[in-house]
Protein chains: 2
Amino acid sequence: MVSIKDIAKRCGVSTATVSKALNGQPDIGEETRERILHLADELGYMANATARALKTNRSYNIGVLFVDPMHGGLAHEFFSTVLDGIRSEAEKHGYDITFINRNVGSRQTSYLQHCRYRGVDGVVIASADFNDPMVTELVQSDLPVVTIDHIFNNRISVMSDNMQGMEELVRYAASKGHRKIAIIHGELTGVTRNRLTGFHRACEEFGITVPEEWIREGVFHDPASCRRITKELLAMPERPTCIFFPDDYSWIGGMNAIRDAGLKVPRDISAVGYDGIPLSRIMSPVLTTWRQDTEKLGTIAADRLIEQIEHPRTVILDREIVTGSLQEGGTVGEI
Amino acid sequence: MVSIKDIAKRCGVSTATVSKALNGQPDIGEETRERILHLADELGYMANATARALKTNRSYNIGVLFVDPMHGGLAHEFFSTVLDGIRSEAEKHGYDITFINRNVGSRQTSYLQHCRYRGVDGVVIASADFNDPMVTELVQSDLPVVTIDHIFNNRISVMSDNMQGMEELVRYAASKGHRKIAIIHGELTGVTRNRLTGFHRACEEFGITVPEEWIREGVFHDPASCRRITKELLAMPERPTCIFFPDDYSWIGGMNAIRDAGLKVPRDISAVGYDGIPLSRIMSPVLTTWRQDTEKLGTIAADRLIEQIEHPRTVILDREIVTGSLQEGGTVGEI
DNA sequence: ATGTATCACTTAAACGATTACGCGAAGGAG
DNA sequence: CTCCTTCGCGTAATCGTTTAAGTGATACAT
């Protein structure tokens with residue numbers, strides 16, 4: 001591998017001069033700089049990130065913590081898009097990304113130790129068990145951190161607009177004349193709580209009262225539970241005209257239950273969902289959902305983190321909210 | 001950050017001794033070793049991967065090249081599982097992974113240069129444009145390389161068993177009495193060619209002849225094109241009893257075309273697919289497919305690469321084939 | 001002529017680790 | 001008692017880069 005030394009030798013200058021020329025420092029003569037740059041190019045010189053990182057204490061590497069709570073499975077759809085966002089934004093700024101885990105060599109350690117080991121410049125917490133003390137340790141460290149969809153004290157976070165999304169969905173349904181709305185929600189995480197808040201707030205806005213038995217807890221991404229619950233809802237003496245589903249996969253279960261009952265969407269009953277991943281667009285009927293801009297969630301997170309890394313003093317603690325958009329399908333009928 | 005020097009000072013030994021103690025070298029007294037290990041532990045010492053890499057020229061980092069040919073989108077389902085496989089296997093061996101791209105700092109370079117910049121120990125080529133000269137450059141370099149689903153000269157590759165998978169699917173359909181089989185395949189890549197070879201081979205085995213017009217090129221992961229082609233197939237005077245689809249998403253298009261035609265699966269027509277991602281299991285009817293073990297594709301690739309990195313001389317150039325399995329659904333009827 | 005500023009470079013230390021080599025002491029063999 | 005091993009540890013170089021401080025030359029003002 002050709003190093004700065006080789007160039008120095010061949011150019012008859014010191015390594016310091018080469019380094020400065022390559023880094024665009026001002027105290028290098030124009031002619032010398034040209035010679036160095038040209039030779040570097042000719043020899044196919046490539047800087048050594050390792051050596052640079054050792055000296056400067058900046059790795060241009062950002063850590064991504066993603067612990068799948070459900071251990072693999074469908075949740076990846078959300079994550080892979082977020083990851084793509086992080087990745088592309090990071091690349092744009094010359095950063096690479098490293099997955100944070102608990103191994104170094106053959107030992108087990110904490111997430112923070114792994115970060116120190118690799119010398120990452122900062123961390124995006126994309127998904128994690130927020131009660132895990134190791135996550136807390138990481139959050140309370142002196143490393144720059146940005147979290148996605150979770151708020152920590154004194155830490156920047158990027159949130160999807162679960163509350164507003166729900167509000168918009170209710171408004172949309174209401175605008176089509178729906179007043180009898182049922183909701184199946186996911187597990188009671190922070191995300192779900194926000195969505196429910198938005199739901200209730202918007203219902204109130206339209207004077208809609210939702211009976212207890214129309215508010216049901218399902219399981220995210222699980223068609224089976226949703227199918228069962230939908231069946232129960234449809235069997236009630238007083239039946240809703242519109243059902244809210246927690247996500248696209250759940251809707252598949254709901255759709256089947258509706259079909260089983262011999263009903264047609266949106267003629268006999270309406271449905272709205274959440275997420276609106278590409279999958280939902282290619283099924284028929286196409287679900288009307290709130291589309292989360294998950295990629296943007298990733299790009300913003302990376303952007304905020306890099307800002308924090310590069311301008312540590314001007315950091316403003318903020319909670320950025322990434323708004324989604326209503327994605328009309330064909331599952332909401334007029335009343 | 002506490003370094004080897006701090007430990008050395010506090011223990012009254014040299015840094016060499018500390019290093020050797022921490023690395024389990026033999027020429028350290030038992031008592032000294034204990035003292036060092038204990039103190040390291042007490043001070044929360046963590047090795048600095050950067051410094052180590054600089055000195056040893058081993059980063060314990062493996063590069064992953066993934067260039068999405070379709071630029072984002074659905075193909076990620078396949079990739080995210082492969083990636084998970086690579087990631088978990090790498091972690092198990094104490095390696096981290098780095099995505100290979102074309103940026104270093106704010107400059108554009110080649111994949112190989114990026115690898116050199118980061119000093120990765122090897123590369124898994126998970127997906128790429130194999131005609132790209134930069135990919136060729138990478139493959140012909142002196143870095144350890146493993147490719148997934150593509151063969152290069154003198155390079156280890158891990159292949160999914162497209163040929164065998166297809167054979168098994170044909171055998172299955174044939175065992176249910178099907179003799180009139182149509183196939184919609186994806187773009188004519190290496191993967192597709194293998195599948196077609198398997199398809200024809202197995203057809204021959206059962207004396208099945210497939211008319212030209214029943215062999216159709218569609219687009220991977222694209223319901224629309226598949227819907228159109230399926231419609232055409234169904235409109236032919238002589239209609240197949242079973243249609244092969246290139247993947248789960250395509251099948252959604254096919255399913256819709258079948259429904260449009262007023263036909264029922266599997267009563268009126270049968271269908272088989274490929275991939276068998278979780279999605280296909282939650283739709284109804286459940287598609288009968290060949291399930292690729294994509295995660296294993298990733299773990300094997302990582303495993304082979306690490307083997308190559310750690311034992312460069314005992315490397316056997318091989319083509320490992322990861323077998324999938326038939327996943328019965330409800331889309332193939334008896335004839 | 002003297003002092004001073006600027007320019008273009010060099011020197012040398014440092015980042016945190018690894019490792020070839022050397023060296024003194026202890027112990028055993030002869 | 002001398003010689004040779006073995007053991008346990010230290011010395012010092014090194015990986016490739018950055019950067020504070022220094023240096024000599026030139027130019028300019030006074």
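Per chain, numbering begins at 1; letters A, B, ... match sequence-line order.
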Legend entry - Interatomic distance, A:L138 atom CG to A:I125 atom CD1 [nearest 0.5 angstrom]: 4.5 Å
Legend entry - For A:I28 against A:T32, the heavy-atom pair lying closest together: CG2-CB, 4.3 Å
Mind calculating the distance between [atom1] ([X]) and [atom2] ([N]) to the nearest angstrom?
X: B:R33; N: D:dC9; atom1: CZ; atom2: P; result: 9 Å
X: A:Q25; N: C:dA8; atom1: CD; atom2: P; result: 14 Å
X: B:K5; N: D:dG10; atom1: NZ; atom2: C1'; result: 16 Å
X: B:I7; N: C:dT18; atom1: CD1; atom2: P; result: 11 Å
X: B:K9; N: D:dC9; atom1: NZ; atom2: P; result: 20 Å
X: A:M1; N: D:dT17; atom1: CE; atom2: P; result: 10 Å
X: A:L43; N: D:dG16; atom1: CG; atom2: P; result: 15 Å
X: B:I4; N: C:dT19; atom1: CD1; atom2: P; result: 11 Å

Inset, instruction - Can you establish whether the number of heavy atoms outside B:N23 located under 6.0 Å from its atom CG is more than 12? - result: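 Count over threshold, so yes.
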Sugar-phosphate, base or nothing in reach of [X], heavy atoms under 4.0 Å:
X: B:N57; result: nothing
X: A:A53; result: nothing
X: B:N48; result: sugar-phosphate
X: B:I28; result: sugar-phosphate
X: A:G119; result: nothing
X: A:T32; result: sugar-phosphate

Inset, instruction - Fit a plane to each ring of B:F99 and A:F99, take the angle between them on a 0 to 90° scale, and name the class: parallel (under 30°), tilted (30 to 60°) or perpendicular (over 60°). - result: perpendicular
Inset, instruction - On the 0 to 90° scale, with breaks at 30° and 60°, tag the A:H150-A:F130 ring pair as parallel, tilted or perpendicular. - result: parallel
As a test of reading the structure: which of [options] is closest to the side chain of [X], going by heavy atoms?
X: B:S19; options: D:dT18, C:dT18, D:dG16; answer: C:dT18
X: B:K55; options: D:dT18, D:dC9, D:dA13; answer: D:dA13
X: A:K20; options: D:dA20, C:dC15, D:dC9; answer: D:dA20
X: B:T17; options: C:dA17, D:dT17, D:dG10; answer: D:dG10

Legend entry - Contact nearer the 5' end of DNA chain D, comparing B:G29 with A:L22: B:G29
Phosphate OP1/OP2 of [N]: any [X] side-chain N/O under 4.0 Å:
X: A:Y117; N: C:dG16; value: no
X: B:S3; N: C:dG16; value: no
X: B:R52; N: C:dT18; value: yes
X: A:S14; N: C:dC9; value: no

Inset, instruction - Report yes if a donor N or O on one partner sits less than 3.5 Å from an acceptor N or O on the other, where the partners are the side chain of B:D27 and the base of D:dC9; otherwise report no. - result: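 Result: at least one qualifying N/O pair found.
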Inset, instruction - Report yes if some heavy atom in the side chain of B:K5 is under 4.5 Å from a heavy atom in the side chain of B:K9; otherwise report no. - result: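 No, every pair of side-chain atoms sits at 4.5 Å or beyond.
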